[in-house]
Structures are given as C-alpha cells and as structure tokens.
**Q** 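My questions will all concern the structure given below.
As the structure lists them, so they are numbered: ligands from 1, and atoms in each ligand from 1. Worth saying up front: this structure is predicted, and the values here are computed from it rather than measured.
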Amino acid sequence: MVNTTIKTTKSQEIFAAAQNLMPGGVSSPVRAFKSVGGQPIVFDRVKDSYIWDVDGNQYIDYVGTWGPAICGHAHPEVIAALHEALEKGTSFGAPSVLENLLAEMVIDAVPSMEMVRFVNSGTEACMAVLRLMRAFTNREKIIKFEGCYHGHADMFLVKAGSGVATLGLPDSPGVPKAATSSTLTAPYNDLEAVKALFAENRDEIAGVILEPVVGNAGFITPDAGFLEGLREITHEHGALLVFDEVMTGFRIAYGGAQERFGVTPDLTTLGKVIGGGLPVGAYGGGRDIMSMIAPAGPVYQAGTLSGNPLAMTAGIKTLELLQRPGTYEYLDQITQKLADGLLQIAKETGHEACGGHISAMFGLFFTSGPVHNYEDAKKSDMAKFARFHRGMLERGVYLAPSQFEAGFTSLAHTEADIHQTLVAAREVLCNL
Ligand SMILES: Cc1ncc(COP(=O)(O)O)c(C=O)c1O
C-alpha cells in the first residue's frame, strides 16, 4: 500500500534507495511502518509541533522524535545555545562544566538521584543499571514486566515492548540463553505475580525494573498501589527498585513519574528529554550505590562520547525551558483536550476505544478496555489502528506507526493543532 491522497513521490524514491543500503531502510525498526502498512515518510525538517517531508507535506507531529522534543522541535533557545557550544568544538572526551550543570539539574529534579552518570542512549543507561543492580546486591536475577521496553540489550529482550512487540518478534535470535536466563517476567500491574517470583527465587533477585508509566506497549498507567507495592516488596527482600524513566523523565512531571506518584526507587534511568534531541542517556541513584561505578568503584562502564558538550548543552537549555512557570499545566491541559477528544469522537462514531493521558503522554487503544497490561493491549484492533494511522497521516497528522507506542505532545502544540487533529480524527473515524 502506498499513500493515496498525499503526494509522496520523493519519500518513496528515497526510501526505496534506503532499503538497499540499510536493513529495512531504517536506522531503527519502528520507523519502518511495518505494522501499519505503507511506506515511511522521509522527513526534511522539523519546527515547533510540525514536520515537513521531502515532498513538502506538513504534519502535526505527535511522535516528537520518540519523546525528546517536549519543548517543540528546533526551539530557538536550544538552537542558539547549540550554535554557541558548537563554536567551542563538538567533543572533549574530558571533563567539562556542562556535565556539572546538567548533573546538578537532574539531581535536583529527580528524587532518587544523589549522583548521576551520563551515557549516550537509553539502552546504554539500562544496560549499565542492570550491571550495577547485580553488583550492589551480589545477586543475578531481575524482574521485568511484559511489554516494557528497556532498550535492546540482550538481558532485556524478553517479552519486550516497542518494536519487539510491534513486529511480533518473540525474542531475538542471537541472544544467548544465558543472557536471559536470569530475566524473570511478570504481567504489569500484577503484584501477586511479583510476590510469587520473589517467593520462588528467595535471595536471588537483584531487583525489579519497570516503566513506571508504560509507553512501549501503548500507554498504560500503574494501578493505584502498584508502584507502592513494588517499593514494599523490594524493600522486604533486600532487592532494588529501578524506574526506567527514559520516556517518563521530565515528561510525566519535571521530576518524572517518581515525583508524580510519590514513590522513590533506588535507581533511575533517563534519556530522551534530558538530551534535548541529541543522543543522551543517564542513570543514577543514591550515593552508596553510585559510588560503585568506575573509577570511584569497581563496576566498569565507560563511553567515548559520554557527557558530550553539545548533548549537555541541549539538555541544560531544555530543562531550563521546562522550569518556567506553567509548563506542565499547559502540557496537561492540551494533552487532556486531545486525549479526551479522541476518546469522545471514537465513542460517538461507534468504535470501542479506551485511552487517556498523563501530562504530555497519551494513548488510544481500539478495545473497550480497560488496559492494565500487555495482554489487554494486544486485544486492541490492530487492523483498525493501521487504517486510523493511515487516515490521520493523509490528513496531516503524524502518529507513531504502532499501536504499541504512546503519543507525545509538546509546549509547541497549540489549541489550533489539537482542534485540527480532532477534526481529522472525526473524519477518519466516521469512515473506518
Ligand atoms: C522506557 C525506555 N527505556 C529505554 C529505551 C531505550 O532508549 P534508546 O532508544 O535511547 O536506546 C526506550 C526507548 O524508547 C524507552 O522508551
């Protein structure tokens, strides 16, 4: 299937060439539109809440480069700060004051963090945090939740969300059994399953890692008491609690889901927003745990480009913008308008649907719900989502090309953008 009502000739040409050059024509799988059909749109530029493709079509963007663009694309103050930083060079491979500045901002904001280590991606942050969990507890097993995604490291490719779920891959070939033999899984929002795993693996579980609000199996919120329950169970068993806030950090609230829900984990991973659109990840926690990281301690983890001055600069400016008064109120207000509107229109046009939002993160499933976990999310009508996605694209609205991804808004999204999106949604849903 190719796009029907919008002209995408150049996109198609470029993507055809890309397929000969890169596996699937992309640098990351979910971009490939596999689960919604059609060809991906090839972008030319982004600004505010908009993207333009190489054929000149304009779209309202709810992907936001998969999360980082919370201030809107190419924010003038971020760009200006980057210009200034660029003049001083692109990489030092040595300490810079910029690392101190971003570290202070992150530590001040995120309740669980007393120290932080910067890396280059969310995947790297999660890999490193796992090593640290194991080293600190001297235990090997971990618990993750079905449908949660913690990057593509071997140990996490068990019932993973995001692209793994989108493409229907059970587990990836090339992952040795030994790498995942210590990864235990439980359904999200199921405290009894977690208790049972702790009972069956007494004194063997290093910790529990989760997305405190799930974005990689579609948008799923924690049930009341779930995060608190995990905090209690992990304490009781001498295990660590890790919030993977790569997606939720500085998005669900300035201090992430841990601030929003008032549950403080032992360790936290970050990425996306804190790099302001440049490649960044980070992990951190209490001073006692973080002091185990090399060179302060024996747990090895390193990176040529870690703490890169451009990435630090974009992150600092992005967090500065987010600190301004009214930011999160605005994000919540426009996202609520969007999420409520979509749900209302879906119901009025006769579709079974459920969904919601927290702050600048939202989701819509084509099932009556409620969706508490990945199994529930899979009940969504995927064929309908694919048609919805296509219809919205043709009307100038760019949604993530998978039912198993959350949507993102930004400070640049206007009331007019939301209105236009809802008008498009009504047209599409009326004819679905
Ligand atoms: C919760 C979560 N953890 C980890 C990652 C991996 O981050 P990256 O793609 O930067 O490697 C992602 C990416 O979407 C994510 O959403």
Side-chain angles (χ1 to χ4, degrees), residues 26-32 62-70 110 117-133 142 144-167 172 183 188 207-222 227 241-252 256-258 260 265 267-284 301 303 305-306 308 311 314-315 318 358-363 374 377 400-408:
V26 289
S27 297
S28 188
V30 193
R31 299 177 193 174
Y62 292 105
V63 181
T65 187
W66 302 93
I70 194 164
V110 182
R117 166 62 60 89
F118 291 113
V119 292
N120 302 288
S121 69
T123 293
E124 239 190 284
C126 293
M127 275 169 65
V129 99
L130 178 56
R131 186 175 303 146
L132 181 56
M133 286 162 80
I142 57 146
K144 79 173 279 291
F145 292 92
E146 294 164 14
C148 282
Y149 180 65
H150 305 294
H152 65 82
D154 285 355
M155 310 73 77
F156 292 120
L157 286 185
V158 184
K159 299 187 179 167
S162 188
V164 188
T166 304
L167 301 179
S172 175
T183 308
Y188 194 78
V208 175
I209 183 166
L210 77 157
E211 293 178 60
V213 173
V214 183
N216 286 294
F219 172 75
I220 305 176
T221 55
L227 300 177
L241 180 62
V242 183
F243 280 5
D244 177 353
E245 298 230 40
V246 167
M247 196 178 267
T248 54
F250 295 90
R251 177 167 285 279
I252 286 293
Q258 52 199 274
R260 170 116 195 172
L267 288 162
T268 301
T269 55
L270 294 168
K272 300 190 191 270
V273 169
I274 63 156
L278 275 86
V280 164
Y283 62 100
Q301 185 273 307
L305 292 173
S306 296
N308 175 270
T318 298
I358 301 182
S359 181
M361 192 170 165
F362 69 94
Y374 183 41
S402 165
Q403 175 71 95
F404 296 124
E405 298 288 348
F408 300 122

**Q** Would you kindly specify which portion of Asn216 sits under 4.0 Å from ligand 1, judged on non-hydrogen atoms: side chain, backbone, both or neither?
**A** side chain
**Q** What I want to know is whether Glu124 and ligand 1 share at least one N or O pair that is separated by under 3.5 angstrom.
**A**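 No; the residue has no nitrogen or oxygen that sits under 3.5 Å from a nitrogen or oxygen of the ligand.
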**Q** Between Arg117 (side chain only) and Gln301 (backbone N and O only), is there a donor and an acceptor less than 3.5 Å apart?
**A**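 Looks like yes, one N/O pair under 3.5 Å.
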**Q** Going by the atom numbers of ligand 1, which of them fall below 4.0 Å from some non-hydrogen atom of Glu211?
**A** 1 (C)
**Q** Examine Phe145 together with Tyr374 and report whether their ring centres are nearer than 6.0 Å.
**A** no
**Q** I'd like to know if the side chain of Gln258 reaches the main chain of Pro265, judged simply by a donor and an acceptor atom lying under 3.5 Å from each other, with no hydrogens or angles considered.
**A**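 Side chain of Gln258 to backbone of Pro265: no pair is present.
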**Q** Does some side-chain heavy atom of Leu241 sit less than 4.5 Å from a side-chain heavy atom of Leu210?
**A** yes
**Q** Does the N or O separation between His150 and ligand 1 drop below 3.5 Å for any pair?
**A**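 No, no N or O pair falls under 3.5 Å.
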**Q** Do the non-hydrogen side-chain atoms of Val246 and Tyr149 ever get within less than 4.5 Å of each other?
**A**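 No, side chains not in contact.
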**Q** Among protein heavy atoms, which lies nearest atom 7 (O) of ligand 1, and at what distance?
**A** Gly122 CA, 3.2 Å
**Q** With heavy-atom distances below 4.0 Å as the criterion, list the atoms of ligand 1 near Ser121.
**A**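 Contacts of ligand 1 toward Ser121, numbered from 1: 10 (O), 11 (O).
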**Q** Does some non-hydrogen atom of Tyr149 fall short of 4.0 Å from ligand 1?
**A** yes
**Q** Could you tell me which residues satisfy side chain to side chain contact (heavy atoms under 4.5 Å, CB included) with Pro222, sequence neighbours excluded, listed by chain and number?
**A**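 Only Tyr188, Asn189, Val213, Phe226, Leu227, Phe261 meet the side chain to side chain contact (heavy atoms under 4.5 Å, CB included) criterion with Pro222.
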**Q** Do Gly151 and ligand 1 have an N or O pair less than 3.5 Å apart?
**A**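 Among all N and O atoms of Gly151, none is under 3.5 Å from an N or O of ligand 1.
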**Q** Please classify the Thr123 to ligand 1 contact at 4.0 Å (heavy-atom distances, strictly less than): side chain, backbone, both or neither.
**A**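 It is both parts that get close, each with some atom under 4.0 Å.
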**Q** Write out the residue and atom name of the closest protein heavy atom to atom 3 (N) of ligand 1, then the distance separating them to 0.1 Å.
**A**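 Scanning the protein heavy atoms, the shortest distance from atom 3 (N) of ligand 1 goes to Asp244 OD2, 2.6 Å.
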**Q** Looking at Gly256, is its backbone amide N or carbonyl O close enough to the side chain of Thr248 to form a donor-acceptor pair, meaning the two atoms are under 3.5 Å apart?
**A**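 Absent.
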**Q** Take every heavy atom of Lys272, measure it against each atom of ligand 1, and state whether any distance is under 4.0 Å.
**A** yes
**Q** Do the side chains of Glu211 and His150 get nearer than 4.5 Å, heavy atoms only?
**A** yes
